[in-house]
Asker: 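The structure follows.
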Amino acid sequence: MTAAQIGLPRRLAVGGGALADSGRLVTDLGFSRPVVVTDAFLSAQGTVARLVAALTGAGCEVSVFDGTVPDPTTDSLGPGLAVVRAHGADCVIGLGGGSPLDTAKALAVLAAGGGSMRDYKAPTVTVGPALPVIAIPTTAGSGSEATQFSIITDSATDEKMLCPGPAFLPVAAVVDYELTLSMPARLTADTGVDALTHAIEAYVSRRANPFADGFALTAISTIAENIRAVYADGADRPAREAMMLAATQAGVAFSNSSVALVHGMSRPIGAHFHVAHGLSNAMLLPAVMRFSVGAAPSRYADCARAYGLSGDSDEALAQALVGAIEQLCADLAVPTPRAYGIDKARWDELAPLMAEQALASGSPGNNPRVPDAAEIVALYDEVYG
């Protein structure tokens, strides 16, 4: 095994109520002119005002950009970049789900490095320069607070671009599970399966390493124990806290290993059909695991044990995990693309392009069983429903 390059945030503030201390975290890091990058919902809900109060209370001069959009596009970055530059920001604070955090990371790199997001698309690995990013997740799923990636859709081509590199890694994160208490059941389920996908793919990836493995297996165990509880009762604070921590651990795992075929196939679904990232992962996970499991039975068996399953052999355990994930998606009412309302003719028409885009991202190359374009098209056909 070749040596792994490990990247982590310098500081993590973890636990209920951590948001209130975010001002001290920012000033301890030496920053005083943050731009908060968030969305209109969190502004209306009052969460942005609470963060701004914590920051100004610590002596910061704060500006806010709350115009982020779901599945951010290259066009959506322009107004935010103008705010960052006009404020003379010395750091960017991302507050929200995966989309605001991806936007914050992209703005931090563009503000310091210039150019367009296409310049930063994989296989380019961006080391810098970038403004420092502090990430404050409000969903338990993307793990973006601990990852060296941003996902931005090219407005001209509808391609979801994976932009990797240490420049996109937050210097710090505030992981406060209380920010997730208002998440509805559907979002809770989708982001939870997203985190589970991160952990499983990180562990079975061809780029897996012992450092990432521990975070991945711990996250799988925690999610298996808590995801149904938090889906059934969003006010279950211990389950919320566990899922929030697991999402961050899964983020650490895949940022320092990789994601694989599920994510490669998921990004084009999000770009072309505007399906939320966590939900498209959930639509794909069982079928992709069935396709992949025979190529790494011992690795999938380790995931099965972490999930709480037992069996007589690695092969049996690996197959049992596929069945358990299928059951989980059924219990969480994960829809097929068909049930979601996606037109079959349009799905079939775009499948070859989506397969091409999946392969171009590089993620399928990390899968235990590396597919060709025809096999990816066949998988898209299988998951349609």
Asker: P368 and R206: which non-hydrogen atoms are nearest, and at how many Å?
Answerer: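 For P368 versus R206, the nearest heavy atoms are O-NH2, 2.9 Å.
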Asker: Check whether any side-chain heavy atom of L328 sits under 4.5 Å from a side-chain heavy atom of Y307, and report yes or no.
Answerer: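 In contact.
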Asker: Are any non-hydrogen side-chain atoms of M283 and V383 less than 4.5 angstrom apart?
Answerer: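 A side-chain contact is absent here, since even the closest heavy-atom pair is not under 4.5 Å.
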Asker: Using a 4.5 Å cut-off on heavy atoms from C-beta on, say whether the side chain of I376 contacts that of M354.
Answerer: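 Answer no - side chains too far apart.
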Asker: If every non-hydrogen atom of L19 is compared with every non-hydrogen atom of S22, which pair is closest and at what distance?
Answerer: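 Residues L19 and S22, closest heavy atoms: O-OG, 2.6 Å.
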Asker: How close do T147 and P170 get, heavy atom to heavy atom, and via which atoms?
Answerer: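 Heavy atoms only, the tightest pair is O-CD, 3.5 Å.
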Asker: Between the main-chain N or O of A202 and the side-chain N or O of S257, is there a donor-acceptor pair closer than 3.5 Å?
Answerer: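 Answer holds: yes.
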Asker: So if you build clusters from Ile, Leu, Val, Met, Phe, Trp, Tyr with side-chain heavy-atom gaps below 4.5 Å, do V334 and V275 land together?
Answerer: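 Same cluster.
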Asker: Any salt bridge linking D348 with K344? Criterion: basic side-chain nitrogen under 4.0 Å from a carboxylate oxygen.
Answerer: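 Salt bridge: yes.
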Asker: Taking it one step at a time, do L25 and D28 satisfy side chain to side chain contact (heavy atoms under 4.5 Å, CB included)?
Answerer: CA-CA 5 Å; L25 173 66; D28 282 353; 5.7 Å; no
Asker: Answer whether the closest heavy-atom distance between the side chains of V193 and I227 falls below 4.5 Å.
Answerer: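 With C-beta onward as the side chain, the pair touches.
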Asker: Output the distance between atom CG (N256) and atom CZ (F254), rounded to the nearest 0.5 Å.
Answerer: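 Taking CG in N256 and CZ in F254, the distance rounds to 10.0 Å.
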Asker: What distance do R305 atom CZ and L217 atom CG have between them, rounded to the nearest 0.5 Å?
Answerer: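 So the gap between those two atoms works out to 10.5 Å.
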Asker: So do V230 and E241 actually touch side chain to side chain, heavy atoms under 4.5 Å?
Answerer: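 No; the side chains remain at least 4.5 Å from each other.
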Asker: Does one hydrophobic cluster hold both M183 and I223, with members joined at side-chain heavy-atom distances below 4.5 Å?
Answerer: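 No, no single cluster joins them.
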Asker: Does L169 belong to the same Ile/Leu/Val/Met/Phe/Trp/Tyr cluster as L131, with side-chain heavy atoms less than 4.5 Å apart forming each link?
Answerer: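 Looking at the clustering, L131 is in a separate group from L169.
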Asker: Can R299 be said to sit on top of Y203's aromatic six-ring, NZ or CZ under 6.0 Å from centre and within 45° of the ring axis?
Answerer: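 Judged by the rule (NZ or CZ under 6.0 Å from the ring centre, within 45° of its axis), R299 counts as positioned above Y203.
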Asker: Output yes when a side-chain donor or acceptor of T124 lies under 3.5 Å from a complementary backbone atom of Y120, and no otherwise.
Answerer: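 No; judged by distance alone, with no hydrogens or angles, the pair does not exist.
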Asker: State yes or no: are the ring centers of Y340 and F273 separated by less than 6.0 Å?
Answerer: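 No: the rings miss the under 6.0 Å criterion.
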Asker: With rounding to the nearest 0.5 angstrom, report the OG to CG distance, S205 to D213.
Answerer: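 Output value for this atom pair is 9.5 Å.
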Asker: If you apply the rule side-chain hydrogen bond (donor to acceptor under 3.5 Å, both in side chains), what do you find for Q249 with T222, and how did you get there?
Answerer: CA-CA 10 Å; Q249 290 168 331; T222 303; 4.6 Å; no
Asker: Kindly give the heavy-atom pair with the smallest separation between Y384 and D343, and that separation in Å.
Answerer: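 Heavy atoms only, the tightest pair is OH-C, 3.8 Å.
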Asker: Working to the nearest 0.5 Å, report the span between CG of L101 and CD1 of I134.
Answerer: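 One finds 12.0 Å between CG of L101 and CD1 of I134.
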Asker: Out of curiosity, does I200 fall in the hydrophobic cluster containing L309 (side-chain heavy atoms, cut-off under 4.5 Å, transitive links)?
Answerer: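 Cluster IDs for L309 and I200 match.
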Asker: Is there a side-chain contact between S144 and K105 (heavy atoms, below 4.5 Å)?
Answerer: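 The answer is yes, as the side chains (C-beta and beyond) meet within the 4.5 Å cut-off.
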Asker: Rounded to the nearest 0.5 Å, how far does CG of L162 lie from CD of Q357?
Answerer: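 Reported to 0.5 Å precision, the distance equals 13.0 Å.
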Asker: Looking just at side-chain N and O atoms, do S292 and N367 make a donor-acceptor pair shorter than 3.5 Å?
Answerer: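 Yes, a side-chain donor-acceptor pair sits under 3.5 Å.
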Asker: Quick check against the 3.5 Å criterion: does W347 have a side-chain atom that pairs as donor or acceptor with the backbone of R338?
Answerer: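 No, the answer is negative, given that no donor and acceptor are paired below the 3.5 Å cut-off.
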Asker: Drop me the distance from R346's CZ to H272's NE2, to the nearest 0.5 angstrom.
Answerer: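 R346 CZ to H272 NE2: 8.0 Å, rounded to 0.5 Å.
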Asker: Using 4.0 Å as the upper bound for N to carboxylate O, is an ion pair formed by E178 and R237?
Answerer: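 Salt bridge: yes.
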Asker: Ignoring hydrogens, what is the shortest heavy-atom contact between D102 and F149? Give both atom names and the distance.
Answerer: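 Answer, listing the atom of D102 first, then F149: OD1-O, 3.9 Å.
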Asker: Tell me which donor-acceptor pairs under 3.5 Å the side chains of residues 59-72 have, and how far apart each pair is, sequence neighbours excluded?
Answerer:
| residue | atom | partner | partner atom | Å |
| --- | --- | --- | --- | --- |
| E61 | OE1 | R33 | NH1 | 2.9 |
| D66 | OD2 | S43 | OG | 2.9 |
| T68 | OG1 | T38 | O | 2.8 |
| D71 | OD1 | K160 | NZ | 3.0 |

Asker: Examine distances only and state if a side-chain atom of T191 and a backbone atom of L187 form a donor-acceptor pair shorter than 3.5 Å.
Answerer: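 Yes; judged by distance alone, with no hydrogens or angles, the pair exists.
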Asker: Any side-chain heavy atom of L196 within less than 4.5 Å of one from I220?
Answerer: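 Yes. Closest side-chain heavy atoms under 4.5 Å.
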Asker: Any chain of hydrophobic side-chain contacts (each under 4.5 Å) joining L29 to V84?
Answerer: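 Unlinked, L29 and V84 end up in two clusters.
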Asker: Which atoms form the tightest heavy-atom contact between A18 and D176, and what is the distance?
Answerer: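 The answer is N-OD2, 3.1 Å.
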